[in-house]
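Read through the structure below, which is laid out as structure tokens, and then see the notes.
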Amino acid sequence: NNRLDVVNNLPDLFHLVAFLSDTGPVFIRASVHCLVCNIVHSLCTCASQLQLLDDTVRTLQMRLDDLSQPKFYLWFGISEVKLSAASAFQFSTLDKAFGYTGPARDDHTVADLVHLQSLTEFLLEIVLLCMKDMNESTWLSRWEELVEKAAFEYNPSLQPRALVALGTISRSANRTTIDRLLSVLHKCLENVVQDTVLICAVLMCLAKVAPLLPKDTSGILSVIFWTSVCFLELDEENMYSAGVGLVEATLKTMDANGSFEEQTIETALMATRKVYEFQFGQLDRKME
């Protein structure tokens, strides 16, 4: 019942799921969905080994049932199937069994990143749910290590996914992380053909990690705000949602940190704009 050895391999398995979900032909997408089902089932069957409480096991069983809901099929890219994912594997010709013969999903869109973020939040919930009953678990730190390594290595297919996963599972952030993310954005703008999906992935990641920064980093938050405004000026429909999300996250974080208690929003933000006017002026011209 636990041939995946989830106790030792859970972070690596979830890392693979984040990279492979909603990609390739339909039987690959169904395979990834079934993999997640098997992982959650394995956690239930080895509850005594992990010393999971009864309430935790019951919650895992409910999450296992949730994986059969249409919303989760959408996350895995199998919402158009006619049979359940598990039932389809009883047939020799998998695509025919699913009643779907469409093309493989090899291209990535911004909508795919939104689905990936929701799926990663679900996987993170599973990890945190189990870790609260375990002693000195390294699952999350191992997962973060895998994701961070992939997030800053150029790979058109995997880097956007790794960036979204990084923002979703990170529990803390520092100035170095922000600098590396801004560096990725800078490289995107240097390309003649801009990678919209990669840019959106960075913006989504920044929106998640910005609230995790220490309270004494209001200066870098202002820089992030103006950076997101510059990308909104691109008037790129697919990028708009991610840009607005980052603007909202930045302003809420600055407000929670007390940045606007002794000065207005305009004064606080324009002070940073004046310091970096040359850099943002160049960025504005790039967006024209």
Side-chain angles (χ1 to χ4, degrees), residues 1-4 6 9-45 56-130 143 147 157-158 160-169 197 200-201 204 208 238 241-242 245:
N1 288 330
N2 183 26
R3 294 181 180 178
L4 294 171
V6 294
N9 298 322
L10 186 69
D12 300 77
L13 290 168
F14 278 176
H15 185 55
L16 290 174
V17 169
F19 276 178
L20 298 176
S21 63
D22 196 11
T23 61
V26 67
F27 72 88
I28 294 295
R29 287 176 260 156
S31 296
V32 176
H33 175 264
C34 287
L35 173 61
V36 176
C37 292
N38 288 338
I39 292 171
V40 179
H41 180 265
S42 295
L43 289 171
C44 294
T45 59
T56 300
V57 176
R58 281 192 290 270
T59 304
L60 286 173
Q61 291 170 342
M62 287 189 293
R63 295 297 173 267
L64 185 58
D65 292 337
D66 290 340
L67 286 168
S68 298
Q69 300 300 317
K71 176 179 68 174
F72 288 84
Y73 274 31
L74 179 64
W75 294 351
F76 289 92
I78 54 174
S79 57
E80 62 276 276
V81 302
K82 295 181 179 179
L83 300 174
S84 68
S87 301
F89 286 92
Q90 298 174 7
F91 296 80
S92 57
T93 307
L94 297 178
D95 280 356
K96 184 177 180 181
F98 273 92
Y100 176 72
T101 57
R105 294 289 305 279
D106 294 324
D107 58 322
H108 300 289
T109 66
V110 177
D112 294 334
L113 297 182
V114 175
H115 294 161
L116 174 62
Q117 189 174 67
S118 299
L119 174 59
T120 307
E121 289 172 349
F122 173 82
L123 300 178
L124 178 63
E125 179 189 359
I126 298 297
V127 171
L128 297 178
L129 180 65
C130 295
W143 192 9
V147 169
S157 297
L158 300 182
R161 288 175 165 266
L163 286 165
V164 171
L166 176 65
T168 304
I169 71 174
V197 174
C200 285
M204 292 171 66
K208 288 289 188 178
N238 293 327
S241 178

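This is a predicted model, so every value here is computed, not measured. Along the sequence shown, the residues carry numbers beginning at 1.
The heavy-atom pair separating Leu60 from Cys130 by the smallest distance is CD1-SG, 4.0 Å. What you find for Met204 and Ala242 is that their closest heavy atoms are CG-CB, 4.1 Å. Closest of all the heavy-atom pairs between Cys200 and Asn238 is SG-O, 3.4 Å. Between Val197 and Pro160, the shortest heavy-atom distance links the atoms CG1-CB, 4.0 Å. Nearest heavy atom pair, residue Leu64 against residue Cys37, reads CD1-O, 3.4 Å.
Lys71 places none of its side-chain heavy atoms less than 4.5 Å from the side chain of Ser79. The side-chain heavy atoms of Asp12 and Leu16, taken from C-beta on, include no pair separated by under 4.5 Å.
For the atom pair CD1 of Ile28 and CG of Leu20, the computed distance is 8.0 Å after rounding to the nearest 0.5 Å. Of the inter-residue distances, the one linking Gln61 atom CD with Leu43 atom CG reads 11.5 Å to the nearest 0.5 angstrom. One distance of note links CZ of Phe76 with OG of Ser31; it measures 11.5 Å at 0.5 Å rounding. In this structure, CG on Leu166 lies 12.0 Å from NZ on Lys208, to the nearest 0.5 angstrom. Rounding to the nearest 0.5 angstrom, the gap separating the CG atom in Asp112 from the CG atom in Asp22 is 5.0 Å. Note: Ile39 CD1 to Leu123 CG = 7.5 Å, rounded to the nearest 0.5 Å.
Between the Arg29 side chain and the Gly77 main chain, a donor and an acceptor come within less than 3.5 Å of each other. A donor-acceptor pair under 3.5 Å is absent between the side-chain atoms of Arg63 and the main chain of Val40, judged by distance alone.
Considering Trp75, Phe122, Tyr73 as possible partners of His33, the one that fulfils the ring pair (Phe, Tyr, Trp, His ring centres under 6.0 Å) test is Tyr73.
Between Phe14 and Trp143, the ring planes are tilted. Angles from 30° to 60° get that label.
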Show the atom names and distances, to 0.1 Å, of all donor-acceptor pairs under 3.5 Å that link a side chain in residues 113-120 to residues at least two apart or in another chain.
residue: Ser118; atom: OG; partner: Val114; partner atom: O; Å: 3.3
residue: Thr120; atom: OG1; partner: Leu116; partner atom: O; Å: 2.7

